[in-house]
Amino acid sequence: MGGGRSKRMPRAVREQQMLDAAVRTFARRGYRAASMDDIAELAGVSKPLVYLYLNSKEELFTACIRREAKALVAAVRAAVERDVPADRQLWSGLRGLFTYTAEHPDGWAVLHSQARSQGEPFVREVAAMRAELVSFVEQLIGEASKEADCDPEFADREVAGLAYALVGAAESMADWAGSPGGPTAKEAAATLMNFAWAGLGNLLRDQKWQPSA
């Protein structure tokens, strides 16, 4: 009975397997309650191997946040239609975001619920993801302002704040879109576009709401 040693799994593949297990465990049990024993068992490896690859529970959680954030941003960018008006680009990006978060509920829970509730350094990691999304949306709104021939000072005064508001609303709506009986990605994107872009259209036409006093 011959037979050599089984082929060892490449480190990168094994590490992704551990991260998959960690994301699922952190999402469903929470960072505090999740244990390295739980993660090792779900990944089908020994706990010492998890520590060998990822050093500590904190570093493992950070690695999960970074991987999920990178995947989310990449999904949004890939979904955006090119060479179309700015509103169509934003619409397709929102659909991409809601589709991705609905299809990856554990990853979204790690980013939106767990990481933000655990303080530093995890909050800083999520803030970096949000900053990238805000910058991307800011570019789209800036392009829309140019298409509308609006006041050049508009970008300096309004664009950044509008981008933050839109990303924040999208993050909140992603929970709704991923809930049982919630809207489809297309419906969620349409709701946000009707809420945000309609108002933005008035701004681009210099029709602003002003308080009475």
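Just so it is clear, the structure is predicted and the values come from calculations on it, not from any experiment. No hydrogens, no waters, no symmetry mates; every other heavy atom, side chains included, goes into these values.
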**Item:** By salt bridge (charged side-chain N to carboxylate O under 4.0 Å, His left out) - contacts of K47 (at least two apart)
**Value:** D37
**Fill in**
When rounded to the nearest 0.5 Å, the distance separating CZ of F26 from CD of E68 is 11.5 Å
**Message:** Tell me every residue that passes side chain to side chain donor-acceptor pair (under 3.5 Å) with Q89, counting only those two or more places apart in sequence or in another chain.
**Reply:** none
**Request:** Could you tell me which residues satisfy salt bridge (charged side-chain N to carboxylate O under 4.0 Å, His left out) with R29, sequence neighbours excluded, listed by chain and number?
**Result:** D38
**Complete:** Here the gap from L140 atom CG to E138 atom CD, rounded to the nearest 0.5 Å, amounts to 10.5 Å
**Asked** Taking only residues at least two apart or on different chains, which pairs with a member in residues 64-102 satisfy ring-ring contact (aromatic ring centres under 6.0 Å, His included)?
**Response** Y100-H104
**Request:** Please identify each residue that fulfils side chain to side chain contact (heavy atoms under 4.5 Å, CB included) with R24, with sequence neighbours left out.
**Result:** R28, L42, D106
**Request:** Nearest 0.5 Å please: distance from the CE atom of M129 over to the CZ atom of R124.
**Result:** 15.0 Å
**Request:** Under the side chain to side chain contact (heavy atoms under 4.5 Å, CB included) rule, collect the residues that match up with A109, sequence neighbours excluded.
**Result:** A27
**Prompt:** Partners of S46 by side chain to side chain contact (heavy atoms under 4.5 Å, CB included), sequence neighbours excluded?
**Reply:** P48, L49
**Asked** Residues two or more places apart in sequence or in another chain: which of them pass side chain to side chain donor-acceptor pair (under 3.5 Å) with Q16?
**Response** R67
**Message:** Per the ring-ring contact (aromatic ring centres under 6.0 Å, His included) rule, what does the pair list look like for residues 113-146, sequence neighbours excluded?
**Reply:** Y31-F122, F61-F122
**Message:** Taking side-chain hydrogen bond (donor to acceptor under 3.5 Å, both in side chains) as the cut-off, I'd like each qualifying pair that reaches into residues 53-64, sequence neighbours left out, listed once.
**Reply:** N55-E59
**Heavy-atom pair of closest approach, residues C64 and L19** = SG-CD2, 3.9 Å
Residues 159-178, side-chain donor-acceptor partners within the protein, below 3.5 Å, at least two apart:
{"residue": "E171", "atom": "OE1", "partner": "R116", "partner atom": "NH2", "Å": "3.2"}
{"residue": "E171", "atom": "OE1", "partner": "R130", "partner atom": "NE", "Å": "3.4"}
{"residue": "E171", "atom": "OE1", "partner": "R130", "partner atom": "NH2", "Å": "3.2"}
{"residue": "E171", "atom": "OE2", "partner": "R116", "partner atom": "NH2", "Å": "3.0"}
{"residue": "S172", "atom": "OG", "partner": "G168", "partner atom": "O", "Å": "3.4"}
{"residue": "D175", "atom": "OD1", "partner": "W108", "partner atom": "NE1", "Å": "2.8"}
{"residue": "D175", "atom": "OD1", "partner": "H112", "partner atom": "ND1", "Å": "3.4"}
{"residue": "D175", "atom": "OD2", "partner": "H112", "partner atom": "ND1", "Å": "2.9"}

In residues 73-84, what donor-acceptor pairs under 3.5 Å come from side-chain atoms, sequence neighbours left out?
{"residue": "E81", "atom": "OE1", "partner": "R88", "partner atom": "NE", "Å": "3.3"}
{"residue": "E81", "atom": "OE2", "partner": "R88", "partner atom": "NE", "Å": "3.1"}
{"residue": "E81", "atom": "OE2", "partner": "R88", "partner atom": "NH2", "Å": "3.3"}
{"residue": "R82", "atom": "NH2", "partner": "R77", "partner atom": "O", "Å": "3.4"}

**Message:** Let me confirm one number: the CG-OG1 distance from L94 to T99, rounded to the nearest 0.5 Å.
**Reply:** 10.5 Å
**Prompt:** Any sub-3.5 Å donor-acceptor pair from S113's side-chain atoms to V110's backbone N or O?
**Reply:** no
